[in-house]
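For reference, the structure is listed below as C-alpha cells.
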Amino acid sequence: MTEQHRFDERIAQEIAIEPQDWMPDEYRKTLIRQIGQHAHSEIVGMLPEGNWLTRAPSLKRKAILLAKVQDEAGHGLYLYSAAETLGCTREDIYQKMLDGKMKYSSIFNYPTLNWADIGVIGWLVDGAAIVNQVALCRTSYGPYARAMVKICKEESFHQRQGFEACNVLAQGSEEQRQMLQDAINRFWWPALMMFGPNDDNSPNSAQSLAWKIKRFGNDELRQRFVDNTVPQVEMLGMTVPDKDLRFNDTTGHYEFGEIDWQEFNEVVAGRGLCNEERLAAKRKAWEEGAWVREAALSYASKNVA
Ligand code: FAQ
C-alpha cells in the first residue's frame with residue numbers, strides 16, 4: 001500500500017491525520033494557510049475590542065471584556081502551535097501576516113465606534129465563528145480538531161456575553177436601542193462575509209471538502225448562521241438590514257439578499273476601513289516587544305547552560 005493510499009484510507013475512515021503521519025504536500029500547505037490565517041484572525045481580532053477595554057461602562061463589563069480578549073490571545077497561541085506541528089515556524093507565518101502576504105478575517109477591518117459594537121461583536125462575530133468552528137471540531141487534522149474543541153467552549157461564552165450585553169441595551173433607553181440597531185446595521189453584512197465567497201467562487205472548497213479539512217461549504221454554514229440568528233434579532237426587537245430577508249415555509253430556511261462582494265474583495269485585498277491601522281498596530285507591538293523576546297531567549301539559554 002502506498003503512503004498516498006494509506007492517507008486516503010484514513011481520510012475515508014475518519015481517522016485523524018497526526019503530525020508524524022505522511023500527508024500530501026498540498027494538504028500540508030492548505031492546513032498551514034487555513035490554520036495560520038485563523039491564528040492571525042484571533043490575534044488581530046483582539047484589536048477592535050481592545051479599543052473599548054478602557055471605556056467599558058462598568059467594572060463587570062470591563063472584567064468580562066478583558067477575559068474575552070485574553071481568550072482570543074490564547075486561541076491564537078493554540079492555533080500557532082497547531083500550525084507549527086506542520087513544519088512551519090510561527091515567526092515566519094506571523095511575519096507574512098505583518099507583510100500583508102497572509103490573510104486574516106475580513107471582519108476585523110471594521111471599526112468599533114460605540115459600546116453596542118462590543119456586544120454585537122460577541123453576539124454576531126463570535127456567533128458566526130462558532131458555526132464555522134463547531135464544524136472544524138471534526139476536521140481531519142488531529143491537532144487542529146482538538147484545538148477547536150476548547151476554542152468553541154470559550155467562543156460560546158463570548159457569544160452569550162455578547163447577546164446578554166445587547167439584551168440590556170435592547171431594554172434600555174431609546175438612545176441605547178438606536179445605538180444597538182446601528183451596530184447591527186454595520187456588522188450584519190460583514191458577519192455574513194466571514195464565511196467566505198459563495199461556493200461556486202471558492203477556489204479552495206472542493207479540495208478542502210474532499211480532504212475533510214472543511215466539513216461543510218461556505219454557503220451552508222452561512223445559511224445556518226442566518227437561520228440561527230434572525231430569530232435572536234427579532235427577540236431583541238431589532239431588525240436585520242436586509243430588505244430581501246424572508247422565511248421560506250417550504251424549505252424552512254431564511255432567504256437573504258446578495259452580499260456586496262465588491263466590498264468583500266476590497267477588504268480582503270487590504271483596502272478596508274481599518275486594514276492599515278490593524279497592521280500598523282501589530283507591527284508596532286512586534287517591534288516594541290523585541291526586548292521581551294530577547295530577554296526570554298537569553299534567560300532560556302542561561303537555564304540550558
Ligand atoms: N476574510 O476558497 P475560500 C475569529 C479568503 S473567527 C478574509 O472559500 P477557504 C474568532 C480565503 O482565505 C475568524 N479572507 O477559502 C474571533 C482564500 O484566500 P487564500 C477566523 C477570506 O479557506 C471572534 C480566498 O478568500 N476564522 O477569529 C475570508 O476554503 C471575535 C478564497 O476563499 C477562521 O479563520 C474572509 N472572511 O474558506 C476572534 C476559520 N473568506 O488563502 C476575535 C477557519 C475567505 O486562498 C474576536 N477558516 N477568504 O489566499 C475557514 O473556515 C476558511 O478558511 C474560510 C475560507 C471559510 C474562512
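When a ligand or atom number is given, it counts from 1 through the structure's own listing order. Along the sequence shown, residues carry numbers from 1.
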* Salt-bridge present (Arg222, Asp219; N to O < 4.0 Å) -> yes
* Tell me, please, which residues at least two apart from Tyr78 pass ring pair (Phe, Tyr, Trp, His ring centres under 6.0 Å). => none
* Asked: Excluding sequence neighbours, so at least two apart, what forms salt bridge (charged side-chain N to carboxylate O under 4.0 Å, His left out) with Arg215?
  -> Glu14
* Scan residues 18-47 for pairs that pass salt bridge (Lys or Arg N to Asp or Glu O under 4.0 Å), counting only residues two or more places apart or in two chains. => Arg10-Asp21, Glu18-Arg146, Glu26-Lys29
Could you list each nitrogen or oxygen of ligand 1 that sits under 3.5 Å from a protein nitrogen or oxygen, with the atom names and the distance?
residue: ligand 1; atom: 1 (N); partner: Ser106; partner atom: N; Å: 2.8
residue: ligand 1; atom: 1 (N); partner: Ser106; partner atom: OG; Å: 3.3
residue: ligand 1; atom: 2 (O); partner: Ser202; partner atom: OG; Å: 3.1
residue: ligand 1; atom: 2 (O); partner: Pro203; partner atom: N; Å: 3.3
residue: ligand 1; atom: 2 (O); partner: Asn204; partner atom: N; Å: 2.9
residue: ligand 1; atom: 2 (O); partner: Asn204; partner atom: ND2; Å: 2.9
residue: ligand 1; atom: 8 (O); partner: Ser202; partner atom: OG; Å: 2.7
residue: ligand 1; atom: 8 (O); partner: Asn218; partner atom: ND2; Å: 2.9
residue: ligand 1; atom: 12 (O); partner: Gln37; partner atom: OE1; Å: 2.8
residue: ligand 1; atom: 15 (O); partner: Asn204; partner atom: ND2; Å: 3.3
residue: ligand 1; atom: 18 (O); partner: Lys103; partner atom: NZ; Å: 3.1
residue: ligand 1; atom: 22 (O); partner: Arg33; partner atom: NH1; Å: 3.0
residue: ligand 1; atom: 22 (O); partner: Arg33; partner atom: NH2; Å: 3.3
residue: ligand 1; atom: 29 (O); partner: Lys214; partner atom: NZ; Å: 2.7
residue: ligand 1; atom: 36 (N); partner: Ser106; partner atom: OG; Å: 3.0
residue: ligand 1; atom: 36 (N); partner: Met193; partner atom: O; Å: 3.1
residue: ligand 1; atom: 37 (O); partner: Lys214; partner atom: NZ; Å: 3.0
residue: ligand 1; atom: 41 (O); partner: Arg33; partner atom: NH1; Å: 2.9
residue: ligand 1; atom: 41 (O); partner: Gln37; partner atom: NE2; Å: 2.9
residue: ligand 1; atom: 45 (O); partner: Asn204; partner atom: ND2; Å: 3.1
residue: ligand 1; atom: 49 (O); partner: Lys103; partner atom: NZ; Å: 2.4
residue: ligand 1; atom: 51 (O); partner: Asn132; partner atom: ND2; Å: 3.0

* Check ion pair Arg224-Glu220 (N to O, under 4.0 angstrom) -> yes
* Under 30°, 30 to 60°, or over 60°: which ring-plane class applies to Tyr80 and His40, parallel, tilted or perpendicular? -> tilted
